[in-house]
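Computed from heavy atoms alone, side chains included, the values below leave out hydrogens, waters and symmetry copies. Positions are given from 1 along the sequence.
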Amino acid sequence: MSRDHVQSAERAEAAAVPSGPETPFLELLARGASADAYEQPVLLARAEGRPAAVLDALEHAKLLALRVRAELEGRRRREAELSALFETAHDLAGLRDLDAVLQAIVQRARSLLGTDVAYLSLNDPERGDTYMRVTEGSVAARFQQLRLGMGEGLGGLVAQTARPYVTDDYFKDARFQHTHAIDAGVHDEGLVAILGVPLMLGHHVIGVLFAADRRARVFEREQIALLGSFAALAAAAIDTANLLTETRSALAGLERANEIIRDRSGVIERASDVHDRLAELVLRGGGVHDVAAAVSEVLDGTVEFTEAATAPAAALEASRAEGHAVRHADDWIAAVTAGGELLGALVLRGHPGLDPVDQRTLERAAMVTSLLLLARRSAAEAEQRVRGELLDDLLDARDRDPRLLRERASRLHADLDATHVVLAARLDRGTGGAARHGGPTAGAGGPDGATAGPARLDGTTVHATHVDGPTAADQDAGARRRLWSAASHLAATRHGLAAARDGGTVLLLPLADGDTATELARRTARDLGTAVHEAVTVGASAPVGDLAARPDAVAAAYAEGRRCLDALRLLGRSGDGAAAEDFGFLGLLLAGDRDIAGFVDRTIGEVVAYDERRGTDLVHTLDAYFTCGMSPARTKDALHVHVNTVAQRLERVGRLLGDDWQSPARTLEIQLALRLHRLSAQR
């Protein structure tokens with residue numbers, strides 16, 4: 001067969017294959033036609049008078065083709081969004097100029113969302129508002145310079161609530177506060193529809209990213225999510241830039257320190273050797289006394305670190321003022337200072353003939369000692385603050401997420417699911433505390449009128465001295481700081497929390513198996529008193545549990561501990577520790593803020609709860625029992641029941657209140673609680 005015959009046969013075969021209803025729509029998909037073009041094949045078929053079956057097939061094929069087109073459009077759009085996010089992340093990875101990265105984020109957000117304007121604002125912690133940082137598509141100068149107070153305008157509301165907000169008509173939306181300045185700026189820009197999402201760093205809002213149109217528009221959920229993704233990248237860019245700035249600043253500071261060290265090391269070879277030794281000590285985690293031992297070896301003498309209160313006052317002040325080591329008799333004194341604060345002194349003993357190189361060595365050792373003291377104090381104070389913030393949240397906030405509370409506690413090696421006791425601790429100055437705990441009362445000062453700084457339970461003490469002489473207020477403040485520091489250290493060693501509160505300190509400590517709240521309170525009073533060398537009174541709550549899910553229980557327990565503390569002081573037991581269970585109704589009578597409901601609940605709460613759950617009448621039976629002189633026979637007449645019923649009810653009461661519920665002390669408390677419960681029920 002010839003080639004022409006073959007081609008003719010193929011054409012004839014192709015002509016014989018019928019064209020399906022989907023063919024014109026596939027061609028439209030292939031060339032990317034607009035949605036309107038998909039109506040043409042149906043209209044043409046109707047004009048040609050095609051059968052209804054053909055028209056139905058075309059209509060069905062059209063709908064399928066439009067769905068395919070929408071899916072393709074969606075995928076292309078998502079591809080463009082992902083590409084933009086990838087490019088933005090790439091810019092962030094090579095961050096050099098924060099403004100350039102933020103500008104790129106705003107530009108891409110505007111392009112992908114197809115809005116007239118996009119802009120970004122940042123919070124100003126000092127002024128308590130938020131201000132414009134980057135704009136794209138804006139034409140109004142007043143709009144570009146806007147500042148929004150927290151809660152003002154849509155952006156202020158986003159910054160305040162940390163939630164996205166969208167409005168399709170800004171001026172008709174009454175959900176947020178309109179102000180003249182903000183409305184004027186928005187009017188100048190001609191904006192109508194606005195979408196704002198928060199820029200978050202952790203749980204903190206640092207700014208807002210916006211997309212806005214000059215016409216009414218409804219933003220889709222996918223568009224809100226996309227803008228949120230850009231906001232996350234913007235927040236990461238800002239955080240990265242801040243970290244880079246801090247790193248550069250730290251590097252610059254280290255560079256300056258190294259220049260000083262290199263300069264001095266170049267002049268004095270011996271001092272360079274000392275620097276190397278001290279640096280090695282610091283890297284090994286050495287302490288103040290290790291530095292003194294190393295310098296003793298270099299100087300061939302005895303170097304000691306002493307507290308400011310025990311060093312010669314005149315020589316110490318001269319060394320601090322001059323910034324050099326000074327001679328005192330046969331000794332040399334180098335003040336250990338930081339920012340004007342006197343932390344102690346390095347004393348070289350029995351070495352009157354000191355050449356300038358050795359003097360410089362002693363001075364350098366004093367500088368390293370101050371850095372070690374400050375670094376360790378800063379680390380300790382940082383951990384103390386974190387523990388205090390968590391305890392403050394437990395005391396003040398009742399709407400915290402239990403999971404987040406547990407995570408924060410876990411990072412501090414605390415377990416909020418364990419049983420704890422809340423303890424309120426307060427100094428009792430002038431109550432014989434020094435005699436109780438041994439040693440002089442802290443805060444009285446040495447011969448120069450110095451006061452001691454924060455004390456720790458491990459025996460190490462950092463002392464800060466003001467040679468001019470502290471006032472009584474300074475002494476009180478210093479004593480409270482020492483108490484807080486000692487309590488924080490105690491909490492850290494016992495996997496608990498501590499915070500300064502109400503002129504004293506509150507601790508949240510776990511209760512060990514076999515321990516009681518009373519024993520824990522007395523032990524804590526003794527430990528804190530020993531640490532600060534003053535009498536410390538401690539009131540403890542009853543044991544509480546499940547603190548993450550019930551943060552209000554911490555506040556209630558703290559109130560109970562404070563009432564116990566007040567009762568101790570009224571009874572003249574300052575410097576002692578006790579729990580609420582030690583006082584019974586006496587604690588209720590002695591406390592300044594009487595917790596009637598708490599006393600009733602502790603005394604007969606189990607009986608009241610049992611009646612409420614079971615619909616029984618144990619409370620009324622108890623009341624009648626005491627009214628009838630604790631006689632079951634007379635009680636059954638008063639209640640009009642059989643004596644066995646009375647006995648069964650009293651047996652149930654005994655299981656709820658304990659075997660000693662009919663002892664004289666317990667019956668007095670139970671009768672008082674019944675009377676208070678009855679009076680409260682009549683209101």
Side-chain angles (χ1 to χ4, degrees), residues 386-426 487-488 490-491 494-502 504-513 515-521 524 538-567 577-584 587-588 591-610 612-613 656-657 673 676-677 680:
V386 173
R387 291 180 181 275
E389 289 169 359
L390 176 55
L391 183 51
D392 282 335
D393 286 346
L394 289 170
L395 286 167
D396 297 333
R398 303 188 179 187
D399 57 351
R400 296 284 181 175
D401 184 343
R403 181 180 59 82
L404 295 179
L405 288 173
R406 288 190 181 94
E407 289 179 358
R408 291 171 60 189
S410 177
R411 288 194 291 269
L412 297 171
H413 306 290
D415 181 10
L416 295 184
D417 293 323
T419 301
H420 285 73
V421 173
V422 179
L423 304 106
R426 191 176 302 164
S488 298
L490 178 64
R494 297 186 183 177
H495 306 294
L497 304 173
R501 205 171 186 89
D502 300 323
T505 302
V506 55
L507 299 94
L508 181 68
L509 298 181
L511 188 66
D513 292 339
D515 204 357
T516 66
T518 300
E519 293 170 350
L520 181 59
T524 302
V538 176
S541 71
V544 291
D546 199 15
L547 302 182
R550 298 170 50 241
D552 55 329
V554 181
Y558 174 55
E560 185 177 64
R562 288 192 63 193
R563 286 192 295 273
C564 183
L565 174 65
D566 292 339
E581 60 192 23
D582 299 325
F583 293 99
L588 179 68
D593 183 12
R594 296 177 174 83
D595 182 11
I596 303 296
F599 172 75
V600 172
D601 184 64
R602 289 192 301 272
T603 307
I604 61 170
E606 293 289 339
V607 177
V608 174
Y610 188 88
E612 292 175 351
R613 290 195 308 269
L656 293 172
L657 299 184
L676 293 173
H677 177 67
S680 64

Quiz item: Within a strict 4.5 Å, meaning less than it, do heavy atoms of the V422 and V554 side chains meet?
Solution: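 V422 reaches V554 side chain to side chain.
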
Could I get the full list of side-chain contact (heavy atoms from CB on, under 4.5 Å) partners for [X], not counting sequence neighbours?
X    : result
A424 : Y558, R562, L565
D515 : L511, A512, E519, L520, R523
L404 : H203, D401, E407
D546 : R406, D417, A549, R550

Which heavy-atom pair separates [X] from [Y] by the least distance, and what is that distance?
X    : Y    : answer
A557 : V544 : CB-CG1, 4.0 Å
T505 : A487 : CG2-CB, 3.4 Å
A425 : V538 : CB-CG2, 3.9 Å
G496 : L509 : CA-CD2, 4.2 Å
C564 : A578 : SG-O, 3.2 Å
V421 : A517 : CG2-CB, 4.1 Å

Which value, rounded to the nearest 0.5 Å, describes the distance between [X] atom [atom1] and [Y] atom [atom2]?
X    : Y    : atom1 : atom2 : result
E560 : L423 : CD    : CG    : 11.0 Å
L547 : T419 : CG    : OG1   : 8.5 Å
L395 : L508 : CG    : CG    : 8.0 Å
L507 : S488 : CG    : OG    : 8.0 Å

Quiz item: Between T524 and R494, does a side-chain contact (heavy atoms from CB on, under 4.5 Å) hold up when you go through it step by step?
Solution: CA-CA 11 Å; T524 302; R494 297 186 183 177; 4.2 Å; yes

Exercise. Return the set of residues passing salt bridge (Lys or Arg N to Asp or Glu O under 4.0 Å) with R426 (not counting sequence neighbours), or none when no residue passes.
Key: none

